[in-house]
Amino acid sequence: MADITISLPDGSQRTLPAGATATTLAQSIGSRLAKAAVAAVVNGAEADLGAPLPDGATVAIITADSDEGRHVLRHSTAHVMAQAVTRLFPGAKYSIGPAINDGFYYDFELPGGRTFTEADLATIEAEMAAIVKADQPFERAELPAAEALEVFAAQPYKREIIERVSTGAADSEDAGEIGSGETISVYRNTPEFVDLCRGPHVPSTGRLGHFKLMKVAGAYWRGNEKGPMLQRIYGTAWDTKAALEEHLHRMEEAEKRDHRKLAVELDLLSFPSQLGGGLAVWHPKGALVRKLMEDYSRQRHIDGDYQFVFTPHLANANLFQTSGHLDFYKDGMYPPMEMDNGTYYPKPMNCPMHCLIFDSRQRSYRELPLRLFELGTVYRYERAGTLHGLMRIRGFTQDDSHIYCREDQLQDEIASLLDFVMSVLRAFGFDEFTANLSTKDPQKYVGDDDIWDRATAALQAALEKYGLAYKVKEGDAAFYGPKIDIDVKDAIGRTWQLSTIQCDFNLPERFALEYVGADGNRHRPIMLHRALFGSVERFFGVLLEHYAGAFPTWLAPVQARVLPVAEGHQAYAEQVLARLAKEGLRADLVEATDQLGRRIRTAKMEKIPYVLVVGDDDVAAGTLGVNPRGGEVERGVAVDAFVQRVHDEVAAQLAMA
RNA sequence: GCCCAGAUAGCUCAGUCGGCAGAGCAUUUCACUCGUAAUGAAAAGGUCGAGGGUUCGAUUCCCUCUCUGGGCUCCA
């Protein structure tokens with residue numbers, strides 16, 4: 001038999017006997033590689049390790065510790081879960097089971113409408129472990145559609161996919177299940193379980209094992225709200241036990257940082273059920289932090305040449321008719337109020353009102369760019385199931401700005417906006433940013449192609465000038481104009497979409513906004529929508545999770561707590577407190593009715609940046625014992641030195657901007 | 001809106017196979033006066049989310065609603 005020649009990614013070549021597989025190849029390179037291998041890339045396409053290699057192929061081995069490798073592990077684990085479910089629940093229908101970030105899911109329909117319980121997860125996990133132990137091979141087969149339909153005679157969801165594929169109606173949702181082409185590929189592990197799948201898979205189930213089933217949820221078949229509701233089981237799967245444990249640990253950490261939990265623990269705000277869903281009340285400490293955020297934002301806007309405006313919470317329906325919100329967005333608006341002189345709605349947005357301000361008198365080109373700013377509270381009817389703490393809420397405040405400018409000012413304005421946005425976000429402790437540029441949806445847009453092109457180019461040029469990494473999302477723009485969204489990465493690596501800069505060619509048209517140009521003629525301005533926090537409430541929630549409740553000194557509701565060691569030190573403690581207050585520090589005092597250790601513990605749990613202990617030595621010397629958050633205790637610190645230190649620290653935190 | 005799971009003291013939770021409701025922490029009071037993450041004792045604290053049904057009797061079983069959590073869908 002003739003040998004075959006295989007090229008490796010580094011350009012080198014290997015000669016193997018005909019019929020050799022990627023497994024053979026990996027073994028010939030090294031036993032470590034063979035052990036880590038889960039699949040291969042053959043001539044650019046992912047393939048099973050066990051598939052015979054064609055002569056002259058370029059082959060790369062996919063190892064379990066790569067993103068692609070984990071993807072294969074997760075997908076294979078999803079198959080094992082489906083097999084376990086069909087064993088435990090005879091008659092279960094399985095639909096799709098892709099790999100996702102950190103894991104996988106699989107959707108099922110159980111006979112008689114039975115649903116999975118939490119307890120079922122443990123049973124399924126145990127069955128999966130048995131399948132892994134049995135080390136069943138994953139065997140690939142390719143079948144004509146007619147035969148595949150027979151194989152899946154009892155599986156209507158699989159049949160539906162096969163039918164869609166064979167009639168050419170497959171879409172991206174089917175892609176994980178099935179490749180394109182005439183034949184349908186299936187994977188079989190033991191005669192009892194077969195699944196429709198494009199692959200690749202690990203050679204056998206014994207290669208798997210570091211997984212955990214996480215939760216049960218409902219999910220629509222093909223994401224269609226009108227379609228049947230299936231039962232989805234989510235799991236996580238990793239290449240090593242350590243990686244799995246690390247992931248579970250990360251999940252726990254994220255849970256500890258949950259802003260809803262921290263908001264209660266730190267007495268910042270609450271969502272009383274009497275108030276109604278998705279509505280929050282701010283307690284004094286939360287309100288104080290919010291005020292600090294807002295004050296900082298206001299000052300930056302003053303420095304940035306913004307003009308402050310205020311607009312009411314209600315508006316006549318005519319306004320939203322003009323703006324188009326009643327046509328496009330009525331479902332997201334609260335129901336109308338009928339009053340003697342018309343119909344009124346709570347505002348879902350501030351922009352129409354800002355347009356009225358622009359339009360209140362004749363505008364000159366000399367006034368542009370005109371930057372209007374408002375911390376504007378809006379009300380949106382979010383569907384009950386979508387509410388989520390501060391992240392998705394029904395009444396919230398936007399740090400909303402609308403900038404009216406000439407087209408020739410667009411690029412500079414966007415570039416300076418980008419600078420402004422990032423500078424403000426840095427002051428709040430974010431330093432990793434990425435952006436998305438959303439471009440025209442050719443099916444749905446208003447305005448000339450020409451202006452879309454120029455505005456998109458302006459956004460892109462601004463991103464490049466700023467040197468910000470960005471992705472282009474083709475066709476993702478709103479109908480009224482292209483936009484930039486800015487994501488930040490938080491302390492535990494999660495990304496949050498916060499700021500947005502959007503061009504709008506629609507509202508100036510609808511409100512017939514005009515300015516008088518240098519040429520004496522009337523021109524239509526371009527409008528930019530811009531929010532930095534997005535929603536003050538949501539931004540507060542993100543900050544709370546980012547800092548795990550330990551706000552930096554400049555934002556902490558209480559910056560320092562004075563603790564007299566014993567009652568005899570109360571008078572001196574009060575003097576210290578008065579001094580701190582005079583210096584503009586936010587400090588409080590807890591009397592010595594409890595033991596010192598206990599009071600320190602309470603202060604630490606409240607995540608106060610500085611605990612100041614004063615006793616005999618301090619009374620005598622006019623000093624403090626300083627116990628900083630996350631630091632070592634320092635004795636005998638002069639009060640002046642402490643005040644200076646806090647001032648310097650706050651200044652340094654804000655200088656990050 | 002849809003699927004699933006919940007709602008018991010301020011918080012975290014246990015419990016009642018249908019018969020007077022429990023713990024820890026927090027709160028209040030008393031004692032202790034203490035130098036860096038929990039001193040001790042006592043008291044007080046509940047329409048068992050709301051409404052309806054079944055029952056001699058419902059916090060417990062059933063129904064509806066409200067709110068919450070996990071998802072799905074949605075987010076101009």
Side-chain angles (χ1 to χ4, degrees), chain A residues 105 107 109 113-120 214-234 255 258 260-261 264-265 267 270-279 320 323-333 348-349 351 380-389 391-393 441 444-446 477-481 483 497 502 504 506-507 529 534-535 563-570 591-606 611-619 624-629 631-636:
Chain A
Y105 67 79
D107 289 348
E109 182 186 310
R114 186 187 184 302
T115 55
F116 291 114
T117 64
E118 295 287 320
D120 290 333
M214 305 299 286
K215 56 198 170 197
V216 189
Y220 296 107
W221 168 233
R222 294 176 60 75
N224 175 6
E225 221 182 327
K226 306 277 186 289
M229 175 67 78
L230 305 175
Q231 294 280 307
R232 174 172 299 178
I233 300 179
Y234 283 93
E255 207 173 310
D258 189 313
R260 294 163 299 186
K261 205 177 146 97
V264 174
E265 285 170 9
D267 193 18
S270 57
F271 294 88
S273 57
Q274 301 95 311
L275 190 54
L279 299 167
F320 297 119
S323 69
H325 288 110
L326 275 174
D327 292 333
F328 293 108
Y329 191 61
K330 197 169 182 189
D331 289 347
M333 290 169 65
M349 297 211 159
C351 14
R380 298 185 183 179
Y381 175 71
E382 302 286 359
R383 297 207 285 174
T386 65
L387 299 173
H388 180 86
M391 302 305 178
R392 193 84 176 264
I393 194 170
D441 176 354
K444 195 182 149 200
Y445 70 100
V446 300
F479 71 92
Y480 52 73
K483 64 170 177 177
Q497 199 231 297
Q502 311 188 352
D504 189 339
N506 181 49
L507 283 183
H529 301 254
S535 129
L563 301 178
V565 171
E567 264 171 32
H569 311 116
Q570 175 75 15
E591 292 176 35
T593 46
D594 270 321
Q595 278 189 322
L596 180 64
R598 184 182 193 81
R599 286 176 290 147
I600 289 171
R601 179 169 191 272
T602 306
K604 293 291 179 186
M605 307 244 282
E606 289 176 37
V611 177
L612 306 176
V613 176
V614 294
D616 289 337
D617 299 351
D618 301 297
V619 173
L624 303 165
V626 177
N627 184 339
R629 188 172 62 195
E632 296 292 312
V633 172
E634 301 153 46
R635 293 284 299 269

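By convention in this document, chain letters (A, B, ...) are assigned in the order of the sequence lines, proteins followed by strands, and residues within each chain are numbered from 1. As the structure is a prediction and not an experimental result, all values here were calculated from the model.
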Test item: Arg380(A) side-chain N/O and Pro348(A) main-chain N/O as donor-acceptor pair under 3.5 Å:
yes

NA contact type, Arg232(A), heavy-atom cut-off 4.0 Å: base, sugar-phosphate, or nothing?
sugar-phosphate

Spacing of the P atoms in rA37(B) and rG51(B) (rounded, Å)
49 Å

Heavy-atom nearest nucleotide on RNA chain B taken for Glu382(A) and for Val619(A); more 5' hit belongs to Val619(A)

Among the candidates rA76(B), rC3(B), rA37(B), find the nucleotide nearest to the side-chain atoms of Phe479(A).
rA76(B)

Provide, to the nearest angstrom, the distance between the CG atom belonging to Leu612(A) and the P atom belonging to rU36(B).
16 Å

Distance between the C1' atoms of rA21(B) and rA31(B), in whole angstroms?
31 Å

For Cys351(A) and Leu507(A), work out which heavy atoms get closest and say how close.
CB-CD1, 3.7 Å

Length of the line joining Asn627(A):CG and rG35(B):C1', which is rounded to integer Å
11 Å

Base-pairing assignment for rC20(B) (Watson-Crick or G-U wobble, both under 3.5 Å):
none

Can you tell me, in whole Å, how much space there is between the P of rA26(B) and that of rU12(B)?
15 Å

Look at all strands and tell whether Thr115(A) reaches a base, only sugar-phosphate, or nothing, counting heavy atoms closer than 4.0 Å.
sugar-phosphate

With heavy atoms under 4.0 Å as the rule, sort Gly385(A) into base, sugar-phosphate or nothing.
base

Answer with yes or no whether Arg599(A) presents, from its side chain, a donor or acceptor under 3.5 Å of a partner atom in the base of rU36(B).
no

Identify whether any heavy atom of Glu265(A) sits under 4.0 Å from a base atom; if not, whether one sits that close to sugar-phosphate; answer base, sugar-phosphate or nothing.
nothing

Spell out, as yes or no, whether a donor-acceptor pair under 3.5 Å connects the side chain of Asp441(A) to the backbone of Ala477(A).
no

If pairing requires Watson-Crick or G-U wobble contacts with both distances under 3.5 Å, which nucleotide is the partner of rU68(B)?
rA5(B)

What does rG51(B) pair with, Watson-Crick or G-U, if both distances are under 3.5 Å?
rC63(B)

From the candidates rG35(B), rU33(B), rG1(B), the one with an atom nearest any side-chain atom of Ala566(A) is rU33(B)

Heavy atoms only, 4.0 Å cut-off, all strands: where does Asp616(A) land among base, sugar-phosphate and nothing?
base

Rounded to the nearest 0.5 Å, what's the gap from CD1 on Ile600(A) to CD on Gln595(A)? Could you check?
10.5 Å

Taking C-beta and beyond as the side chain, do Glu382(A) and Ile393(A) meet within less than 4.5 Å on heavy atoms?
no

Could you tell me whether the side chain of Asp258(A) and the main chain of Glu255(A) form a donor-acceptor pair under 3.5 Å?
no

Expressed as a whole number of angstroms, how long is the span from Gln595(A):CD to rA41(B):P?
13 Å

Scan Asp617(A) against the nucleic acid and name what it touches under 4.0 Å (heavy atoms): base, sugar-phosphate only, or nothing.
base

Between rU66(B) and rA50(B), how far apart are the C1' atoms? Round to whole Å, please.
7 Å

Has the side chain of Asp618(A) got a donor or acceptor atom sitting under 3.5 Å from an opposite partner on the base of rG35(B)?
yes

Have a look at Phe116(A) and say if it touches a base, only the backbone sugar-phosphate, or nothing, with a 4.0 Å heavy-atom cut-off.
nothing

Can you check the Leu563(A) CG to rA37(B) P distance for me, whole Å?
12 Å

Suppose you measure atom P in rU68(B) against the same atom in rU55(B); what distance do you get, rounded to whole Å?
35 Å

C1' gap between rU60(B) and rC2(B), integer Å:
29 Å

Say we look at rU36(B) and rA14(B): how far apart would their C1' atoms be, to the nearest angstrom?
35 Å

So which nucleotide from rA76(B), rG70(B), rC4(B) ends up closest to the side chain of Met349(A)?
rA76(B)

Arg598(A) side chain N/O closer than 4.0 Å to the phosphate oxygens (OP1, OP2) of rA37(B)?
no

So which atom in Thr386(A) and which in Arg392(A) form the shortest heavy-atom distance, rounded to 0.1 Å?
O-CG, 3.2 Å

Flag the pair Leu563(A) / Val614(A) as yes when at least one side-chain heavy-atom distance between them is below 4.5 Å, and no otherwise.
no

Output the rounded distance in Å from CG (Asp504(A)) to P (rA76(B)).
13 Å

Looking for any heavy atom pair under 4.0 Å, which part of the strands does Lys215(A) touch: base, sugar-phosphate only, or nothing?
sugar-phosphate

Under 4.0 Å, counting only non-hydrogen atoms across every strand here, what does Phe271(A) touch: a base, just sugar-phosphate, or nothing?
nothing

Assign Gly481(A) to base, sugar-phosphate, or nothing according to its heavy-atom contacts below 4.0 angstrom with the strands shown.
nothing

With respect to the phosphate group of rU68(B), does any side-chain polar atom (N or O) of Arg392(A) fall under 4.0 Å of OP1 or OP2?
no

Nucleotide paired to rA44(B) in any strand shown, Watson-Crick or G-U, under 3.5 Å
none

Ignoring the backbone of Ala219(A), work out which of rC11(B), rU33(B), rC72(B) is nearest its side chain.
rC72(B)

According to a strict under-4.0 Å criterion, is His388(A) in side-chain N/O contact with OP1 or OP2 of rG70(B)?
yes

Answer with yes or no whether Tyr220(A) presents, from its side chain, a donor or acceptor under 3.5 Å of a partner atom in the base of rG1(B).
yes

Pairing partner of rA58(B) (Watson-Crick or G-U wobble, both distances under 3.5 Å):
none

Could you tell me the separation between the NZ atom of Lys604(A) and the P atom of rC25(B), rounded to a whole number of Å?
23 Å

Classify the ring geometry of His325(A) against Phe320(A): parallel below 30°, tilted from 30° to 60°, perpendicular beyond 60°.
perpendicular

Of the candidates rG1(B), rA38(B), rA37(B), the side chain of Ile600(A) sits closest to rA37(B)

If pairing requires Watson-Crick or G-U wobble contacts with both distances under 3.5 Å, which nucleotide is the partner of rA38(B)?
none

pair_partner(rU33(B)), Watson-Crick or wobble, both distances < 3.5 Å, evaluates to none

Between CD of Glu634(A) and C1' of rG35(B) the distance, given in whole Å, is 15 Å

With RNA chain B as reference, determine whether Ala478(A) or Ala384(A) sits nearer its 5' end, using the nearest nucleotide of each.
Ala384(A)

Measuring from the side chain of Val565(A) (C-beta onward, heavy atoms only), which nucleotide among rG70(B), rG35(B), rU33(B) has the closest atom?
rG35(B)

Taking only the side-chain nitrogens and oxygens of Tyr234(A), find out if one of them lies under 4.0 Å from OP1 or OP2 of rC72(B).
yes

Using the rule for Phe, Tyr, His and the six-membered ring of Trp, do Phe328(A) and rA76(B) stack at under 5.5 Å and under 30°?
no

Base, sugar-phosphate alone, or nothing: which one does Thr593(A) contact when heavy atoms must sit under 4.0 Å apart?
base

What distance, rounded to whole Å, do you find between the two P atoms, one in rC56(B) and one in rG15(B)?
29 Å

Measure CZ/Arg380(A) against C1'/rG1(B) and give the value in whole Å, please.
19 Å

Is Gly597(A) touching bases, backbone alone, or none of the nucleic acid, heavy atoms closer than 4.0 Å?
sugar-phosphate

Taking Arg599(A) for the side chain and Pro564(A) for the main chain, is one N or O donor matched with an acceptor at less than 3.5 Å?
yes

